[in-house]
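Atoms considered below: every heavy atom in the structure, side chains included; atoms not considered: hydrogens, waters and symmetry mates. Computed from a prediction, not measured in an experiment: that's the story for all the values here.
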Amino acid sequence: MVPFYQLMTKNEKFEMAEVAAAQSTEALKVTSIKSLAESPALNSVPSAYGFTINPNDEADPNDPEFAIPIVDMSLLTSGSPEQRSKIIHDLVKICQEWGFFIAINHGVPESLMKAMIETCHGFFSLPDEEKNEFKSGNDVLEMFKYGTSYNLALDKFLLWRDFFKVRVHPEFYSLYKPACFSEVSMEFSKRAREVALEITRAISESLGLEPNYIHNAMNMDRGIQMLAANYYPPCPRPEHAIGIPHHTDHGLVTLLIQNEMKGLQVEHNGKWLTVDGPPNGFFVNLADQMQILTNGKYKSVMHRATVNNKATRISIAIPHGPSVDTVVAPAPELLEKEGQAPKYLAMNYKEYIQLQQSGKNYMKSTFDHIRV
């Protein structure tokens, strides 16, 4: 496929470059991507946001190889012993080959999930000056944080999204706008945590360990849980921008919900697959500390967020990790059981996050720095 840019005439390219340069300057002045996207003059992607997605890298969603695994949580919590055993057996292959699945029948009311999305939408609809009250530094573990791109000092391109993050465990913090945010986010965070802990119990069993092994070894009673909302407004040329580039998550397991717009892509067998699922499902991805703990047996999935030119997408990610002072290393019980040497160095969770966020790891895998 010939890139769109190569099909343009010389004059068209020059005019596009002029417009992009002018809009790039303006892009750096705006305080949110929402404001930029709603600008009447916007008809292309400012060069500061330029990012090219190769359509040849995308998977055919109709190919059975890319059928996303689905886990019925009710069979884990209230099924027969045989049904629970089968789900745990299935998790081995899912965690090894995908590091990702869709959780259904998890017990969190769909009405609560929708209320959480609407409440986050309410925050992003506030005037920029009100949202800017929540801006802070670059520490990912701060009580709350609002912004657009990750780090303007590091970013080689800007992201087509606004976001906020709130720490909800072990201490619960909340935005004070909009008025209903605290009540909704507290209940949603609590219910999502119950799902995440049930998943870690099942994963422990799938590894041949005690159900509470991961919970205890990772000090999850004091574990970090965040609530992170992303706002992706329509983009005039979605093939030339990105919501969040490819990355893996730090932590153990991340749950994610979204409104009716698709955009999450996961990498599987070298291809990018756009995730679709039921509106009341949780997208579940394994994260870096799970891969380290399992000595690479289970996969921290690479994923990204694309944008569209039709409607706003809102996603809410709920990462769950160890306590900040937990030293994460391959589980000795697994190494002995499988006769393996550790593939990763032991590292304090907070130090790992700081390493991941540092300039030396920009758009790179943090695993490169901790492999034995």
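The main-chain N or O of V108 is found under 3.5 Å from a side-chain atom of H106 such that the two form a donor-acceptor pair. A distance-only check finds a donor-acceptor pair linking the side chain of T306 to the backbone of G263 [under 3.5 Å]. Remark: side-chain polar atoms of Q289 are paired, donor with acceptor, to backbone N or O of G251 under 3.5 angstrom. The backbone N or O of Q83 lies less than 3.5 Å from a partner atom in the side chain of S80, making a donor-acceptor pair. Listed for the N295 side chain is a donor-acceptor partner under 3.5 Å among the backbone atoms of A341. With R371 contributing its side chain and Y344 its backbone, the two residues share no donor-acceptor pair below 3.5 Å. Side-chain atoms of S85 never come within 3.5 Å of backbone atoms of P81 as a donor-acceptor pair (strictly under, hydrogens ignored). No donor-acceptor pair under 3.5 Å is formed between the side chain of Q291 and the backbone N or O of D288.
Within 6.0 Å of CD in E210 there are 12 or fewer heavy atoms belonging to other residues, nucleotides or ligands.
Looking only at atom types and distance, the side chain of Q265 has a donor-acceptor partner in the side chain of T274 under 3.5 Å away. Residues S35 and D128 bring a donor and an acceptor atom of their side chains to less than 3.5 Å of each other. Counting only N and O atoms by type, the side chains of D162 and N230 include no donor and acceptor under 3.5 Å apart.
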Could you please spell out the steps behind the side-chain contact (heavy atoms from CB on, under 4.5 Å) verdict for W272 and I53?
CA-CA 10 Å; W272 287 100; I53 289 179; over 6 Å; no
Carefully, step by step, assess E260 and R313 under the rule salt bridge (Lys or Arg N to Asp or Glu O under 4.0 Å).
CA-CA 7 Å; E260 66 280 359; R313 175 175 179 252; over 6 Å; no
Could you walk me through whether M113 and F282 pass the side-chain contact (heavy atoms from CB on, under 4.5 Å) test, one step at a time?
CA-CA 10 Å; M113 299 168 82; F282 274 114; 4.2 Å; yes
Evaluate salt bridge (Lys or Arg N to Asp or Glu O under 4.0 Å) for E130 paired with K177, printing each intermediate quantity in order.
CA-CA 9 Å; E130 294 189 41; K177 300 176 184 179; 3.2 Å; yes
How far apart are the C-alpha atoms of Y176 and F134, what are their side-chain angles, what is the distance that settles it, and do they pass the ring pair (Phe, Tyr, Trp, His ring centres under 6.0 Å) test?
CA-CA 10 Å; Y176 52 84; F134 298 96; 4.9 Å; yes
List the steps and the verdict of side-chain contact (heavy atoms from CB on, under 4.5 Å) for N309 and R237.
CA-CA 7 Å; N309 58 6; R237 292 190 180 276; over 6 Å; no
Please assess H250 against Y349 for the test side-chain hydrogen bond (donor to acceptor under 3.5 Å, both in side chains), listing each intermediate value before the final yes or no.
CA-CA 9 Å; H250 62 77; Y349 181 43; 2.8 Å; yes
Show your reasoning for whether side-chain contact (heavy atoms from CB on, under 4.5 Å) applies to M73 and I104.
CA-CA 6 Å; M73 296 291 294; I104 61 171; over 6 Å; no
Salt bridge (Lys or Arg N to Asp or Glu O under 4.0 Å) evaluation trace for R84 with E198:
CA-CA 12 Å; R84 179 179 171 83; E198 187 61 46; 3.5 Å; yes
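A salt bridge between R304 and E267 is absent, with no side-chain N of the basic residue lying under 4.0 Å from a carboxylate O of the acidic one. For K114 and E110, the salt-bridge test passes: some basic side-chain N is under 4.0 Å from an acidic carboxylate O. The pair K34-E38 counts as a salt bridge, with a side-chain nitrogen and a carboxylate oxygen less than 4.0 angstrom apart. A salt bridge links R191 with E187: the distance from a Lys NZ or Arg NE/NH1/NH2 to an Asp or Glu carboxylate oxygen falls below 4.0 Å. Using a cut-off of 4.0 Å between Lys/Arg side-chain N and Asp/Glu carboxylate O, K299 and E97 are scored as not salt-bridged. A salt bridge links R222 with D325: at least one charged nitrogen is closer than 4.0 Å to a carboxylate oxygen.
Here the side chains of S189 and I318 are not in contact, with every heavy-atom distance at 4.5 Å or above. Considering only heavy atoms from C-beta on, C235 comes within 4.5 Å of V45 through its side chain. Annotation: side chain of V284 is in contact with side chain of I199 (closest heavy-atom distance under 4.5 Å). Side chains of N269 and E65 form a contact here, defined as non-hydrogen atoms less than 4.5 Å apart. N348 has its side chain out of reach of T326: every pair of non-hydrogen atoms, C-beta onward, lies at least 4.5 Å apart. Side-chain contact between R167 and I224: present, with at least one pair of heavy atoms (C-beta onward) separated by less than 4.5 Å. Using a 4.5 Å heavy-atom cutoff, the side chains of S323 and D221 are not in contact. Considering only heavy atoms from C-beta on, F100 comes within 4.5 Å of L264 through its side chain.
No continuous path of hydrophobic side-chain contacts links L335 to L293 [ILVMFWY only; heavy atoms under 4.5 Å]. A single hydrophobic cluster is not seen to contain both L334 and V327; linkage of ILVMFWY side chains at heavy-atom distances under 4.5 Å, directly or through other members, places them apart. When hydrophobic clusters are built by joining Ile, Leu, Val, Met, Phe, Trp and Tyr residues whose side-chain heavy atoms come closer than 4.5 Å, directly or via intermediates, M186 is grouped together with F144. In the hydrophobic clustering of ILVMFWY residues, with side-chain heavy atoms under 4.5 Å counting as a link, M302 and V266 come out apart. Note on M261: it does not cluster hydrophobically with M116, by side-chain heavy-atom contacts below 4.5 Å among ILVMFWY residues.
The aromatic ring centroids of H247 and H303 lie less than 6.0 Å from each other. Ring to ring, H268 and F66 are close: their centroids are under 6.0 angstrom apart. Aromatic ring centroids of F164 and Y231 lie 6.0 Å or more apart.
Heavy atoms only, all atoms of each residue included: S74 and D72 are closest at OG-OD1, 2.6 Å. Looking at every heavy atom in both residues, W160 comes nearest to P236 through CZ2-CD, 3.9 Å. Closest of all the heavy-atom pairs between L252 and M290 is O-CB, 3.5 Å. Taking each heavy atom of I257 and G281 in turn, the nearest pair found is CG2-O, 4.0 Å. Across S206 and V92, no two heavy atoms sit closer than the pair O-CG2, 3.5 Å. Nearest heavy atoms, Y352 versus M347: CA-SD, 3.5 Å.
The aromatic rings of F123 and Y146 stand perpendicular to each other, their planes meeting at an angle above 60°, with 30° marking the opposite boundary.
Rounding to the nearest 0.5 angstrom, the gap separating the CE atom in M226 from the OG1 atom in T254 is 11.5 Å.
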